[in-house]
Novice: 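Just dropping this structure here.
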Amino acid sequence: MEILSVLLEWGPYLLGGIAITLGLTISALALGFCLGLPLALGQVYGSRPVRSLIAVYVWFFRGLPTLILLFLFYFGVFPALGLDFSAFVIGATVLGLRGAAYQSQIFRAGIQSVAEGQMTAALSLGMTRWEAVQCIIIPQALRISLPGWSNEYPELLTDSAVCYAIGVAELMTRTSQIVSVTYMTMPIYIACALIFIALNYGGMRVIRKAEERFAIPGFGGKAVQP
Amino acid sequence: MDPITFLTQILAPALWKGLIVTVALVVLTAPFGLLLGTGLALGRQYGGRALSTACSGYIVFFKGCPLLLLLFILYFGLPSLGLTLPAFTAAVIGFILCNAAYNSEYIQGAVASIKDGQMTAAQALGMTRAQAIKSIILPQAMRRAIPGLSNEFIYLIKYSSLAYMITVVELTGAAKIAATRYFMFNESFFAVGIVYLALVTLTTYAVGRLEQRVAIPGMGVKT
Amino acid sequence: MTGEYILRVEDIHKKFNDREILRGISFNVKKGATIVFIGPSGTGKSTLLRCINQLTEPDRGKVFLDDEEITGCGSRISGYRQRIGMVFQNFNLFDHLTAVENVEIAPIKVRKMKKEEAHAKAMEELHRVGMADWAHHYPAELSGGQAQRVSIARCLAMDPEVILFDEPTSALDPELTREVLEVMKDLARSGMTMLVVSHEMGFARSVATEIIFMEGGRIVEQGSPLEIMNNPKHPRTREFLGRIEHT
């Protein structure tokens, strides 16, 4: 089996690619969360101008293809701002900004589905609006949003392969490099596909486990099938 | 070259040509993606053990494999097995395979949500299973699947940009080529971005209208 | 015996997960008869109806329609089901079709009737159940009683020889129940053969040609309404009727 010896020979290089792919995915997921939650809060509780501004942000980042966003930031925006970041940082940033737009919609739905009475009850206890949002609304909204939020992981994982286009040395890029050196096309592509599928499946198992741990009786955190 | 000349003389005509290719990609993909997606959903829901496992396997593979990699497999990989596809064809096939996997999930969810009584009543009237699926189950399920399917359609518009990575000069390709040649990156990518936003926004609006047109009292699509 | 009975049911048995629901049910139905099945809930009456048109396959036993065996007939069952109508507790109208479309779809798709012809027939049947004015409304826009009347029309449009009614009024308010029972009475008077699972004792008394009391998956007692209602022989029947009258 030639493919096995090739994979063995290039194993460490591919493993590095897997690490970078996961790095892209996880940083984008984290950035998307840190930005997506405030965006969602702004869209629900913000003043009119804030809400419109966020709506434009969401419309922009959800309406554009990942590839265009990568090109725009890699060739256009970052150089124009005089920022000289690595392709990895730009890739993770773009995926994160885009993810924030998607995540904000998941969180917004979660916040809006927390019963009206919860806020009223919190205010009647003497909490301020902000305290109520912080201690009562967000903890519930996050749990409600969790199943939808977990589906961002496979999205971002497969999307991260597009970072090939700006030369991030992730799994996809390294796969093409190995193909061009070894001239073994199909077996290596298929191996790469299987790695992505395994990362997808393995990651989802971890997330589902986490979901179970955070589950609270009565919060039907029913997992959506991956 | 000043930006105005670039935009009007160079970029606009290039983007117009690219737009036609993008629209062609999408229009050729969508119907087959829907058809194959429906087949997969029905195979999973009503097929025997072997068929439904095969359909599930298909979905796991094509949802888990990045589309870019799939396009590479079709365009750069298949020739090593003696099958060379034109770039455009490879792109359309890749999009169909991927689009169908996602569509099938929405359709299957919708089919599963139709109450058992509908099938029972259809059979009690003398319909065969196949007749009941075609005349009773699918018309209801498709209506329920519309929000998901239209979402996928909008995704398709966006990921059609990946065709550029296998040398199809569609919108993204046109912008990239012009940007690189004239060194006008921000202008090119913002301009093509606006075209995509326009496409996506128009489609969203059109889909909303479609939803209203096929809406039936009591079959409200829950969002 | 040929021709005397339109429907014959012989020794039907059915188990679900080791629970015996039907333990040997046999009876014959004459053309034009109205048989009402009564008995405590969970006693297998609905399962029995579903075993007749094979929506549920019995484990043992035979069903004959006009002396043709329909049990174990494979794919030919669709043909028999066209001749045996069924009305459900929850109506099961097709939610994506208007009332008239609900009625005409089976004639068009199953009997390959021309669209205009099927439409005319559907309107006629809707008229018969007093729902012609609602022909273009969707199921969600109808009251329960109206929906049930449409579902009876849907059944009639196939010109069935027998109609099975599976608790047709159990999901309805008392006022809505009356309008459905009226339609069923008219049907019975017009000579339709009907098998009805129902708790409506008034209907059973005035319309039934025969009442069958079932319990525990068996027929306990059967006879004319007068015999069963006024002079039940079996103590279980007496007990059941006593309970029903007082609720």
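Naming: A, B, ... by sequence-line order, numbering from 1 per chain.
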Novice: Is there any residue in residues 152-159 of chain B with a non-hydrogen atom under 4.5 Å from a non-hydrogen atom of chain A, and which ones are they?
Specialist: B/Tyr155, B/Lys158

Novice: What parts of residues 64-75 of chain B touch chain A if we use heavy atoms and a cut-off under 4.5 Å?
Specialist: B/Gly64, B/Cys65, B/Pro66, B/Leu68, B/Leu69, B/Phe72, B/Ile73

Novice: So which of B/Thr204, B/Val195, B/Ile194, B/Thr172 has the largest heavy-atom pair count under 4.5 angstrom toward chain A?
Specialist: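 Ranked by heavy-atom pairs under 4.5 Å with chain A, first place is B/Thr172.
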
Novice: With a 4.5 angstrom heavy-atom cut-off, which part of A/Ser160 approaches chain B: side chain, backbone, both or neither?
Specialist: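 The answer is neither part of A/Ser160.
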
Novice: Heavy-atom pairs under 4.5 Å with chain B: which of A/Ile197, A/Ile190, A/Thr185, A/Val162 has the most?
Specialist: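 The candidate making the most pairs under 4.5 Å is A/Ile197.
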
Novice: Counting only heavy atoms not in B/Phe183, do more than 12 sit closer than 6.0 Å to its CZ atom?
Specialist: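 Incorrect, the count does not exceed 12.
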
Novice: Which value, rounded to the nearest 0.5 Å, describes the distance between B/Phe61 atom CZ and A/Asn200 atom CG?
Specialist: 12.0 Å

Novice: A quick test of your reading: do over 12 heavy atoms of other residues, nucleotides or ligands sit less than 6.0 Å from CG of A/Leu81?
Specialist: yes

Novice: Among the options A/Tyr183, A/Tyr201, A/Trp59, A/Phe60, pick out the one with the most heavy-atom pairs lying under 4.5 Å from chain B.
Specialist: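 That would be A/Trp59.
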
Novice: Above 12 or not: heavy atoms from other molecules or residues under 6.0 Å from CZ of A/Arg51?
Specialist: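 Result for CZ/A/Arg51: enclosed.
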
Novice: Taking heavy atoms only and a threshold strictly under 4.5 Å, list by residue number the residues of residues 67-75 of chain A that touch chain B; give 'none' if the list is empty.
Specialist: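 Listed by number, the contacting residues are A/Leu67, A/Ile68, A/Phe71, A/Leu72, A/Phe75.
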
Novice: With a strict 4.5 Å heavy-atom criterion, list every residue of residues 19-32 of chain B that contacts chain A, or say none.
Specialist: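 The stretch does not come within 4.5 Å of chain A.
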
Novice: Could you tell me which non-hydrogen atom of A/Ala165 sits nearest to which non-hydrogen atom of B/Met165, and how far apart they are?
Specialist: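 The pair with the smallest heavy-atom distance is CB-CE, 3.4 Å.
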
Novice: Report the option among A/Gly63, A/Gly76, A/Pro65 that has the most heavy-atom pairs separated by less than 4.5 Å from atoms of chain B.
Specialist: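 Ranked by heavy-atom pairs under 4.5 Å with chain B, first place is A/Pro65.
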
Novice: Where on B/Leu171 is there a heavy atom nearer than 4.5 Å to chain A: the side chain, the backbone, both, or neither?
Specialist: neither

Novice: Is it the backbone or the side chain of A/Met186 that comes under 4.5 Å from a heavy atom of chain B, or both, or neither?
Specialist: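 Its backbone and side chain both get close to chain B.
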
